[in-house]
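The structure appears right after this line, and notes come after that.
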Amino acid sequence: MSEQNNPESTAPVRSLDFIRKRITEDVKTGKNQGQVITRFPPEPNGYLHIGHAKSININFGIARDFNGRCHLRFDDTNPEKEDMEYINSIQADVKWLGYDWGIHRYNASDYFDKLYEYAIELIKNGKAYVCDLTADQVREYRGTLTEPGKPSPFRNRSAEESLVLFEKMATGGFPEGACTLRAKIDMASPNINLRDPAIYRIKHASHPHTGDKWHIYPMYDFAHGISDALEHITHSICTLEFEDHRPLYDWFLDNITIDCHPQQIEFARLNLTYTVMSKRKLLQLVKENFVSGWDDPRMPTLCGLRRRGYPPQAIINFCNRIGVDKTNSTVEIEMLEYYVREDLNKSALRVMGVLKPLKVVITNYPENQVEEFTAENNPEDATAGTRSISFSRTLYIEQEDFREDPPKGYFRLSPGKEVRLKHTYYITCQEVLKDADGKIVELHCTYDPESRGGSTPDNRKVQGTLHWVSAQHAVEADVYWYEHLFSKANADDVPEGQPFTVNLNPNSLTVLTGCKVEPGLANAKPGNRFQFLRQGYFNVDLDSKPGHLMFNRIVGLKDTWGKAEKKQK
RNA sequence: UGCCGGAUCGUCCAAUGGUAGGACUGCGGCCUUUGGAGCCGUCUAUCUAGGUUCGAAUCCUAGUCCGGCAGCCA
């Protein structure tokens with residue numbers, strides 16, 4: 001977590017999204033004295049994922065753009081589902097994206113005393129009552145989408161009686177489920193959220209912050225808007241499914257004595273192809289060991305993407321590009337991967353790593369000779385400097401880079417064919433050695449001493465340039481080769497009655513052992529990112545150690561040949 | 001059959017009464033000591049039907065389709 005990010009640096013110039021347009025208008029008309037205060041309100045019951053990154057980038061980004069601020073507030077109204085375990089990870093993830101809430105870190109539970117007072121105010125004004133109906137009965141009385149509900153028999157209980165009962169609820173005088181405090185709104189409302197929604201329920205659970213002080217906990221709709229108002233939030237930005245809750249959000253603030261009424265604005269949450277974003281499903285993948293944990297590099301969680309090696313700036317750039325709208329949408333994951341490549345192309349040092357080694361002996365190269373060559377570290381960045389690489393008689397190349405019977409358009413090595421070994425010499429394949437099963441185990445090649453440095457005096461061209469590693473200098477590594485977590489673009493598209501896990505991609509992880517990499521990588525540290533020439537971008541895994549190097553494949557390079565060949569078939 | 005939203009290239013987002021544009025993807029080319037990167041080009045879109053208007057993605061009317069909502073979850 002030493003990595004810091006600056007979300008401002010590459011904010012593209014483009015037209016304002018609908019939220020920023022509205023806020024611009026509010027500022028112009030002097031609403032809220034021109035102030036803009038937003039908040040990011042995660043529930044500490046899970047890890048943040050890239051969908052949250054969209055929300056974080058909206059809320060903190062708007063605060064930055066309008067010279068306001070953004071609060072981090074943990075929406076910890078339900079002690080049964082929440083865990084201190086999640087709080088640190090959430091904070092780490094927000095910081096990793098490059099955002100800072102400063103001193104404005106709050107919890108909904110900070111306001112439990114005030115919330116309780118507001119509930120009493122509602123009761124005294126005849127706008128809330130204690131209801132003894134069971135959960136099942138409440139459901140019955142609520143009616144349906146098309147039929148109005150009917151009033152609870154406790155609806156007209158006196159304020160005095162409700163007050164007494166409410167206090168008894170709060171102090172643990174009732175078992176869980178015995179009763180609730182409900183807002184008295186309209187049982188016939190076409191909006192079900194307004195049919196006397198629960199404000200408080202009884203839970204004899206200890207809370208991570210308030211301990212055993214309370215036996216009742218406020219519901220989201222009541223706590224959220226009031227928390228916003230208490231913090232003087234000006235724009236309460238949330239996702240589309242809360243649209244139907246906005247009248248309730250407004251009702252609470254209109255019916256208590258409070259000096260602030262934030263504006264709730266809804267936007268469409270992010271969906272991505274080839275993955276899932278629901279907390280429930282992510283949790284299931286972890287709990288049922290479909291992945292190694294929340295930070296499995298295949299997960300769309302921020303800690304998973306971090307471990308995978310995604311640069312935070314790439315995620316920010318992606319969020320800026322996908323925009324903000326109210327249309328339900330699913331962004332192609334290729335768009336995300338593009339921004340990862342774009343970032344890494346500029347920043348990742350180039351190295352050579354052979355994933356599936358094929359031994360090559362340069363038969364006309366002196367037995368014990370070793371030559372040093374200078375290699376650029378990043379052709380996109382001159383300041384990245386150069387390094388020295390060792391060349392010798394026995395090397396490894398990629399198995400994929402040799403074909404005994406090359407297809408049309410194959411530029412790499414084949415019998416009699418000449419190719420360039422990156423930065424060094426041209427070699428020509430003279431002989432193919434096989435084992436008893438006919439498997440190719442070794443190549444005998446010759447090199448052209450005239451081609452030293454990668455070009456010849458006669459200006460002879462070769463079509464292919466291969467990456468390679470000197471056998472005696474190579475260091476071994478394991479490579480975790482990742483593909484999309486799901487094999488279907490829409491992971492939820494399953495046959496009737498089947499779980500979404502049937503769409504899990506069986507090839508989402510391939511562990512390659514015995515990979516051969518440049519010796520300079522021996523001391524690579526977790527979190528270091530490299531481009532393995534011609535292969536893709538790789539991140540040193542958290543568990544990697546000198547002597548046991550582990551690389552995660554972040555994303556591949558664009559593979560024009562691979563695509564072309566696939567099409568030929 | 002209730003309420004609330006939404007509908008523009010394959011995907012995501014612009015254009016708010018005046019030439020439908022960008023990004024990703026795809027396709028083609030140039031270049032290349034990474035079949036990378038870069039550069040150039042290119043395909044594809046306003047849900048439908050009426051109406052208003054010199055002019056409609058945008059305004060009006062009527063439809064169609066899609067999403068969300070019946071936790072003492074958030």
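Only a predicted model underlies this, so the values are computations on that prediction, with no experimental measurement involved. Proteins get letters first, then strands, A, B, ... in listed order; numbering begins at 1 in each.
More than 12 heavy atoms of other residues, nucleotides or ligands shown are found within 6.0 angstrom of CD on A/Glu483. For CD of A/Glu241, the number of neighbouring non-hydrogen atoms (other residues, nucleotides, ligands) closer than 6.0 Å is greater than 12.
Between A/Tyr425 and A/Phe373, the ring center distance clears the sub-6.0 Å criterion.
What separates CG of A/Asn328 from P of B/C13 is a distance of 10 Å, to the nearest Å.
At the phosphate of B/G71, neither OP1 nor OP2 sits under 4.0 Å from any side-chain N or O atom of A/Arg201. Residue A/Thr330 has no polar side-chain atom (N or O) positioned under 4.0 Å from OP1 or OP2 of B/U11. At least one side-chain nitrogen or oxygen of A/Arg139 sits closer than 4.0 Å to the OP1 or OP2 atom of B/G71. At the phosphate of B/G5, neither OP1 nor OP2 sits under 4.0 Å from any side-chain N or O atom of A/Arg246. Contact between the side-chain N/O atoms of A/Lys279 and the OP1/OP2 oxygens of B/C73 is not found at any separation under 4.0 Å.
Listed for the A/Asp250 side chain is no donor-acceptor partner under 3.5 Å among the backbone atoms of A/Pro247.
Among the heavy atoms of the strands lying under 4.0 Å from A/Glu243 are primed sugar atoms or P, OP1, OP2 only; no base atom is included.
Glycosidic conformation at B/G71 (O4'-C1'-N9-C4 for purines, O4'-C1'-N1-C2 for pyrimidines): syn, within 90° of 0.
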- [ ] Give RNA chain B the dot-bracket treatment, 5' to 3': Watson-Crick (N1-N3 with N6-O4 or O6-N4) or G-U (N1-O2, O6-N3) under 3.5 Å, [ ] crossing, | other strand.
- [x] .((((((..((((....[..)))).(((((.......)))))....(((((..]....))))))))))).....
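Looking at A/Asn320 and A/Asn317, their side chains never bring a donor and an acceptor atom within 3.5 Å of each other.
Stacking of the aromatic ring of A/Tyr220 onto the base of B/A74 is not found under the criterion of centres within 5.5 Å and planes under 30°. Stacking is not found between A/Tyr338 and the pyrimidine-like six-membered ring of the B/A23 base under the 5.5 Å centre-distance and 30° plane-angle cut-offs.
With P as the reference atom, B/C13 and B/G2 are 29 Å apart, rounded to whole Å.
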- [ ] Applying ring-ring contact (aromatic ring centres under 6.0 Å, His included), run through A/Phe242 and A/His224 and close with a yes or a no.
- [x] CA-CA 11 Å; A/Phe242 293 104; A/His224 198 88; 7.4 Å; no
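Checking A/Trp468, A/Tyr537, A/Phe551 one by one against A/Phe532, the ring pair (Phe, Tyr, Trp, His ring centres under 6.0 Å) holds for a single residue, A/Phe551.
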